[in-house]
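Everything on this sheet refers to the single structure shown next.
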Amino acid sequence: MATPATPEALDGLTHDPYATYALLRESAPVRRVTGTDGNAAWLVTRYADVRDALADPRLSLDKAHALPGNYSGFALPPALDANLLNMDPPDHTRVRRLVVKAFTPGRTERLREPVRRAADELLDAVEEAGGGDLVAAYAAPLPVAVICDLLGVPATRRPDFRTWTDALVAPDPARPHLAKEAVAGLLGYFTALIAEKRERPGDDLLSDLIAVRDEDGGGHLGEDELMSLAFLILFAGYENVVQLIGTAVLGLLRHPEQLAAVRADPALLPGAVEEFMRHEGPVLLAIRRFPVEDVTIGGVRVPKGETVLLSPGSAGRDPDRFTDPDRLDVTRDVGGHLALGHGIHYCLGAPLARMETTTALAALIERFPDLALAVPEEELRWRPSMRARGLLALPVVC
């Protein structure tokens with residue numbers, strides 16, 4: 001299959017990603033495009049190719065394998081950049097092993113009751129107001145509260161964390177300084193928080209990681225790795241759940257027959273959350289990868305060191321894998337979807353994301369039987385991002 005030798009700008013990936021992905025799967029499932037950093041990249045869109053590539057050890061996450069001038073992603077200071085999204089084995093294995101126990105299904109299940117309490121408190125305010133922006137009032141504050149509790153961040157700093165994370169996920173081209181200020185704010189705060197927890201450890205994940213770091217002098221976890229791990233847990237654990245809750249609620253409001261099915265049988269909710277991830281999950285593009293040698297993906301040769309972008313968003317709509325993939329069906333068997341990754345880089349916080357989203361939706365559906373959009377659907381605004389799919393706001397009446 002012929003593939004363009006020069007990169008192609010695909011503006012549709014920002015404003016109409018699924019229609020654009022459908023065209024790419026048919027015409028050029030491995031295509032050289034202009035990447036999210038403005039440089040050339042290889043975009044992979046078919047389910048089978050994305051799944052294979054996610055688990056291919058020849059595709060490295062380490063930016064050291066990028067060709068000079070081929071990649072210029074967002075620059076983070078070393079203290080935030082030494083995270084799992086930039087690591088390959090054996091470093092990835094070593095660091096992941098230290099934190100994976102915090103996200104087991106059993107430990108996550110113990111958080112369900114406090115998450116439900118937090119959800120009910122937020123919905124009290126929504127009910128009192130008669131509605132409002134469900135992203136700002138519910139979808140955003142709930143996961144940031146969970147992650148901040150997990151890390152031991154005081155409630156008074158949660159608004160700062162939301163501001164910093166939003167500035168990094170969807171940078172404002174007109175105000176580029178905001179992203180730099182967010183990085184500086186996160187770095188400064190985590191530096192102070194780690195110092196404080198060294199003096200006065202708490203019953204939280206960050207205190208546990210500091211103890212691991214200090215007990216063996218950094219043999220298992222370096223200081224930059226500690227800081228970067230805290231940053232990644234906050235960033236990924238907050239942002240993706242915000243977007244998933246928002247798009248899930250919109251999916252139910254768009255499809256009242258699906259909402260009726262979940263209301264009639266709440267046991268459908270865990271499976272419905274998997275369907276929400278597949279149908280319109282928060283991750284359109286996985287973290288970039290770099291071949292350590294020339295590789296062939298979908299019959300196309302990709303040279304060593306060039307940037308590869310894998311699309312779970314497109315894979316979830318591939319008709320070769322999912323029947324009638326553009327249809328939302330909360331009873332669908334979606335085993336094998338790639339919204340949470342595949343292989344050794346499968347989402348570390350998957351059990352927590354599932355539990356938070358299921359709990360948030362259950363509380364919302366039980367509380368508001370007449371929930372509805374407050375504006376026409378065409379007035380809803382989406383994040384201007386090729387990488388992350390999410391609503392800027394979701395105005396509702398209840």
Side-chain angles (χ1 to χ4, degrees), residues 8-37 41-55 59 73 85 169-170 236 239-251 254 272-289 297-298 307-329 332 334-343 345-347 349-350 353-354 357 380-392:
E8 177 179 351
L10 296 174
D11 296 334
L13 289 179
T14 298
H15 68 269
D16 192 8
Y18 297 111
T20 304
Y21 280 136
L23 293 173
L24 288 172
R25 287 192 302 269
E26 287 296 318
S27 63
V30 181
R31 178 184 287 267
R32 200 161 183 255
V33 301
T34 300
T36 54
D37 61 356
W42 295 90
L43 178 61
V44 183
T45 51
R46 286 183 180 167
Y47 176 92
D49 296 332
V50 173
R51 187 179 189 277
D52 288 347
L54 284 169
L59 296 178
L85 298 185
V169 169
E239 182 58 34
N240 288 339
V241 178
V242 174
Q243 308 312 335
L244 179 57
I245 292 172
T247 54
V249 173
L250 178 60
R254 280 172 165 170
V273 168
E274 303 301 314
E275 171 70 345
F276 298 138
M277 291 185 202
R278 176 205 69 83
H279 185 259
E280 196 151 34
V283 182
L284 289 175
L285 296 177
I287 191 73
R288 74 288 173 276
R289 284 157 165 81
I297 304 175
T307 304
V308 176
L309 299 174
L310 309 174
S311 178
S314 176
R317 299 290 188 102
D318 189 340
D320 289 341
R321 176 60 180 81
F322 300 103
T323 302
D324 195 7
D326 292 329
R327 179 172 60 90
L328 180 71
D329 180 1
R332 184 196 300 267
V334 288
H337 72 74
L338 304 176
L340 295 167
H342 175 63
H345 297 290
Y346 185 79
C347 177
R354 288 183 167 112
T357 306
L380 295 176
R381 294 181 300 136
W382 294 83
R383 286 187 179 277
S385 172
M386 289 174 57
R387 184 176 297 281
R389 181 70 169 166
L391 291 159
L392 290 172

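The first residue of the sequence shown is numbered 1, and numbering continues consecutively from there. For the numbers below, each heavy atom of this structure counts, side chains included, while hydrogens, waters and symmetry mates do not.
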[X] versus [Y], closest heavy-atom pair with distance:
{"X": "Glu274", "Y": "Val334", "value": "CB-CG2, 3.3 Å"}
{"X": "Arg387", "Y": "Ser385", "value": "N-OG, 3.0 Å"}
{"X": "Arg389", "Y": "Gly281", "value": "CB-O, 3.4 Å"}
{"X": "Ala55", "Y": "Gly343", "value": "CB-CA, 4.3 Å"}
{"X": "Pro325", "Y": "Gly316", "value": "CB-O, 4.2 Å"}

### Query
Going through the distances and angles, do Leu391 and Arg383 end up as a side-chain contact (heavy atoms from CB on, under 4.5 Å)?
CA-CA 6 Å; Leu391 291 159; Arg383 286 187 179 277; over 6 Å; no
Can you name the ring-ring contact (aromatic ring centres under 6.0 Å, His included) partners of [X], sequence neighbours left out?
{"X": "Tyr21", "answer": "none"}
{"X": "His345", "answer": "His92"}
{"X": "Tyr18", "answer": "none"}

The criterion is side chain to side chain contact (heavy atoms under 4.5 Å, CB included); which residues satisfy it with [X], sequence neighbours excluded?
{"X": "Val283", "result": "Asn240, Pro312"}
{"X": "Ala350", "result": "Leu340, Tyr346, Cys347, Arg354"}
{"X": "Leu23", "result": "none"}
{"X": "Ala353", "result": "Val241"}

### Message
Using side-chain heavy atoms (C-beta onward) and a distance below 4.5 Å, is Met277 in contact with Leu244?
### Response
yes
### 4.5 Å side-chain heavy-atom contact, Tyr47 and Asp320
no
### Message
Between Leu328 and Arg254, is the side-chain contact (heavy atoms from CB on, under 4.5 Å) condition met? List the steps.
### Response
CA-CA 10 Å; Leu328 180 71; Arg254 280 172 165 170; over 6 Å; no
Is a side-chain donor or acceptor of [X] paired with a backbone partner of [Y] at a separation under 3.5 angstrom?
{"X": "Arg25", "Y": "Ser314", "answer": "yes"}
{"X": "Arg332", "Y": "Thr323", "answer": "yes"}
{"X": "Thr357", "Y": "Ile245", "answer": "no"}
{"X": "Arg289", "Y": "Thr307", "answer": "no"}
{"X": "Thr247", "Y": "Gly390", "answer": "no"}

Spatial distance of atom [atom1] ([X]) from atom [atom2] ([Y]) [nearest 0.5 Å]:
{"X": "Thr20", "Y": "Met386", "atom1": "OG1", "atom2": "CE", "result": "9.5 Å"}
{"X": "Leu310", "Y": "Leu338", "atom1": "CG", "atom2": "CG", "result": "9.5 Å"}
{"X": "Asp324", "Y": "Asp329", "atom1": "CG", "atom2": "CG", "result": "8.5 Å"}
{"X": "Thr45", "Y": "Leu285", "atom1": "OG1", "atom2": "CG", "result": "10.5 Å"}
{"X": "Leu24", "Y": "Arg46", "atom1": "CG", "atom2": "CZ", "result": "10.5 Å"}
{"X": "Phe276", "Y": "Leu250", "atom1": "CZ", "atom2": "CG", "result": "10.0 Å"}

Which residues satisfy the salt bridge (charged side-chain N to carboxylate O under 4.0 Å, His left out) test with [X], sequence neighbours excluded?
{"X": "Asp326", "answer": "Arg317"}
{"X": "Arg51", "answer": "none"}
{"X": "Asp49", "answer": "none"}
{"X": "Arg321", "answer": "none"}

### Query
Between Trp42 and Leu309, does a side-chain contact (heavy atoms from CB on, under 4.5 Å) hold up when you go through it step by step?
CA-CA 6 Å; Trp42 295 90; Leu309 299 174; over 6 Å; no
### Message
My understanding is that only residues two or more places apart in sequence, or in another chain, count here; which of them pass side chain to side chain donor-acceptor pair (under 3.5 Å) with Arg278?
### Response
Glu275
